[in-house]
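These notes concern the structure reproduced below.
Note on naming: letters A, B, ... go to the chains in the order of the sequence lines (proteins, then strands), and numbering restarts at 1 for each one.
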Protein chains: 2
Amino acid sequence: MATTRPTHAFKTPCEQCPLRALPTFREFSRDELEFVSKFKRGELVADAGATILVEGAHSAHLFTVLSGWGFRYKSLEDGRRQILNYVMPGDLIGLQGTIMGEMQHSVEALSPVSLCVFERDKLMTLYNKHASLAFDVTWIAAQEERILDEHLLSIGRRTALERAAYLIAFLFERASRLKLFNGRKYIPITQQHVADTLGLSIVHTNKTLKKLAAKGLIRWQERACEVLDGEGLKDAAGWEGFGESVRPFI
Amino acid sequence: MATTRPTHAFKTPCEQCPLRALPTFREFSRDELEFVSKFKRGELVADAGATILVEGAHSAHLFTVLSGWGFRYKSLEDGRRQILNYVMPGDLIGLQGTIMGEMQHSVEALSPVSLCVFERDKLMTLYNKHASLAFDVTWIAAQEERILDEHLLSIGRRTALERAAYLIAFLFERASRLKLFNGRKYIPITQQHVADTLGLSIVHTNKTLKKLAAKGLIRWQERACEVLDGEGLKDAAGWEGFGESVRPFI
DNA sequence: CGCTTAGTTGAGTTCGTTCAACGACTGTGG
DNA sequence: CCACAGTCGTTGAACGAACTCAACTAAGCG
């Protein structure tokens with residue numbers, strides 16, 4: 001059974017956080033690092049398939065993803081599901097619940113996920129004591145907004161083939177920046193996930209992905225999507241990619 | 001010609017801001033009010049149809065809508081346009097440009113719009129001196145994210161009829177809270193706007209709206225959508241509406 | 001008075017859906 | 001160890017939703 005559970009066993013010290021080493025993330029001052037370190041309550045591990053946060057919950061926690069892949073989604077009463085975005089290391093989750101009281105979406109793990117846990121109540125002291133970090137939280141929220149804008153454009157106005165290419169190019173670019181690929185470039189999603197992200201049926205998603213495969217852009221293997229030509233996907237989607245920019249994280 | 005222009009003639013003092021009187025907005029402390037008042041640079045007026053912000057611009061300003069209706073959108077190279085969300089009084093616009101350097105979407109006025117103008121550079125002092133206001137900015141960003149989530153669910157998974165009903169119910173609910181309707185409940189959009197929001201063609205949008213009209217939920221008149229039955233629209237969309245919640249604004 | 005914009009309607013086509021059946025693979029219990 | 005169920009991916013056929021093309025009305029404006 002897929003579950004989430006706390007790991008008291010091992011707690012990565014923020015000073016040695018593996019994410020900080022990546023060039024995508026901005027440098028922290030000693031002061032900031034110290035605060036974040038105290039802000040952190042513990043760690044949590046979720047199996048692939050486990051639900052990390054549930055729509056409607058009043059979560060007392062705020063998380064940062066340390067490792068693994070997941071996704072955010074919403075559903076209609078009759079079960080139709082829409083994936084809103086994917087979460088990867090460095091992403092903040094549960095902010096909506098923290099700021100507005102109730103989660104309006106759910107979060108599920110795609111692979112084993114480990115998370116840093118922060119105390120919701122202490123967020124206000126972050127705002128009071130560390131304006132620079134408060135600014136970072138806003139930056140992250142604005143960035144998420146930007147991604148949702150792009151997804152909305154994609155679902156609303158791109159064709160099925162363009163949409164599929166955009167989605168995979170998008171995931172590939174994000175994951176590449178985070179150096180998530182060791183050898184082969186596998187994105188750990190099923191075609192059902194792709195369908196629920198693009199707003200298409202599984203059958204048509206399958207046929208669309210086959211077209212991308214026929215063009216030599218991707219290959220579907222071992223329940224994952226292997227990216228063969230990231231640039232080709234961006235071309236097929238008519239997508240520029242995100243600019244450079246160093247991003248903050250908590 | 002539709003233009004935007006500064007009005008030095010008349011500057012509404014923040015203390016007498018007509019929006020603060022509305023119950024939707026949270027109360028401000030004397031301190032906060034004083035700061036916002038100094039933060040404000042002036043006012044700007046845009047005609048209906050004028051472009052307020054343009055994709056790709058490095059805007060030096062941040063705005064709050066004082067009155068009027070507008071919308072945010074993105075386009076693909078070949079001209080396909082997607083409306084992302086609508087802006088109404090109390091909404092902050094240009095935050096993306098302020099925080100991340102470059103606007104990734106454009107904003108256009110639907111009706112005459114008046115805006116409060118803030119200096120981009122002073123945003124950091126807001127974070128330094130007024131944590132409560134900084135928190136509000138994040139709140140606003142998180143709220144926008146929430147709305148985009150709902151739109152994504154709508155475009156991705158609702159049928160054309162449900163989507164149309166959702167959109168109008170959504171606009172109606174927001175406008176009602178802001179007491180934007182005096183007599184008749186007119187939403188100042190064309191069917192082209194509806195089409196570009198829902199990701200449909202104009203022809204099909206027209207046929208879909210006719211169905212809503214046949215059900216007695218709306219009426220299309222004088223280049224605007226008159227809402228006849230807001231609750232009926234929510235039912236038709238399978239949409240709950242947003243909860244209560246008092247919102248902040250700058 | 002013509003020109004433009006917004007809305008309407010019909011006909012034919014394309015894109016995406018549902019239904020259905022099947023193969024490959026995984027995990028589980030007998 | 002095998003039988004069986006469950007998930008994932010694949011494919012064909014028939015249907016339906018949404019699109020394009022096209023023609024036309026009504027209103028607003030110079």
- [ ] Provide the closest heavy-atom pair for A:Arg163 versus A:Arg158 in the form atom of the first, atom of the second, distance.
- [x] NE-O, 3.1 Å

TODO: Find the distance A:Trp220:CH2 to C:dC25:C1' and express it as a whole number of Å.
DONE: 17 Å

Task: Ion pair B:Glu173/B:Lys234, N-O distance below 4.0 Å - done: yes

TODO: Report the distance from atom CZ of A:Arg219 to atom P of D:dT10, rounded to the nearest whole Å.
DONE: 13 Å

Task: Nearest-Å distance for atom pair NE2/P, residues B:His193 and C:dT5 - done: 13 Å

Task: Whole-Å gap separating P (D:dT7) and CG (A:Asn206) - done: 18 Å

Open item on the list: Can you tell whether the side chains of B:Asp91 and B:Arg247 come within less than 4.0 Å, N to carboxylate O?
Closed with: yes

Open item on the list: For A:Arg72, is there an ion pair with A:Glu55 - N to carboxylate O distance below 4.0 angstrom?
Closed with: no

Open item on the list: Looking only at the aromatic ring of each residue, does the gap between the centers of A:Phe71 and A:His193 stay below 6.0 angstrom?
Closed with: yes

Task: Spacing between A:Lys210 atom NZ and C:dG16 atom P, to the nearest angstrom - done: 18 Å

Task: Heavy-atom protein contacts under 4.0 Å, nucleotides 19-30 of chain D, coded B base, S sugar-phosphate only, - none - done: SBB---------

- [ ] Could you tell me the separation between the CD1 atom of A:Ile189 and the P atom of D:dC8, rounded to a whole number of Å?
- [x] 13 Å

Task: Test log, rule side chain to side chain donor-acceptor pair (under 3.5 Å), inputs B:Glu144 and B:Asn85 - done: CA-CA 9 Å; B:Glu144 180 72 17; B:Asn85 195 11; 3.0 Å; yes

Open item on the list: Measure CG/A:Leu209 against P/D:dG9 and give the value in whole Å, please.
Closed with: 9 Å

Open item on the list: Without decimals, in angstroms, what is the distance between B:Glu222 CD and C:dG7 P?
Closed with: 12 Å

Task: Presence of B:Gln191 side-chain N/O under 4.0 Å of C:dT8 phosphate oxygens OP1/OP2 - done: yes

- [ ] Please check if the distance between the ring centroids of B:Phe170 and B:Tyr86 is under 6.0 Å.
- [x] no

- [ ] May I ask you to decide whether B:Lys74 forms a salt bridge with B:Asp196, counting only side-chain N to carboxylate O separations under 4.0 Å?
- [x] no

Task: Within 6.0 Å of CD in A:Gln221, more than 12 heavy atoms from elsewhere - done: yes

- [ ] Have a look at the helix from C:dC1-D:dG30 to C:dT14-D:dA17 and give the angle its two end axes make, five pairs each, rounded to 10 degrees.
- [x] 10°

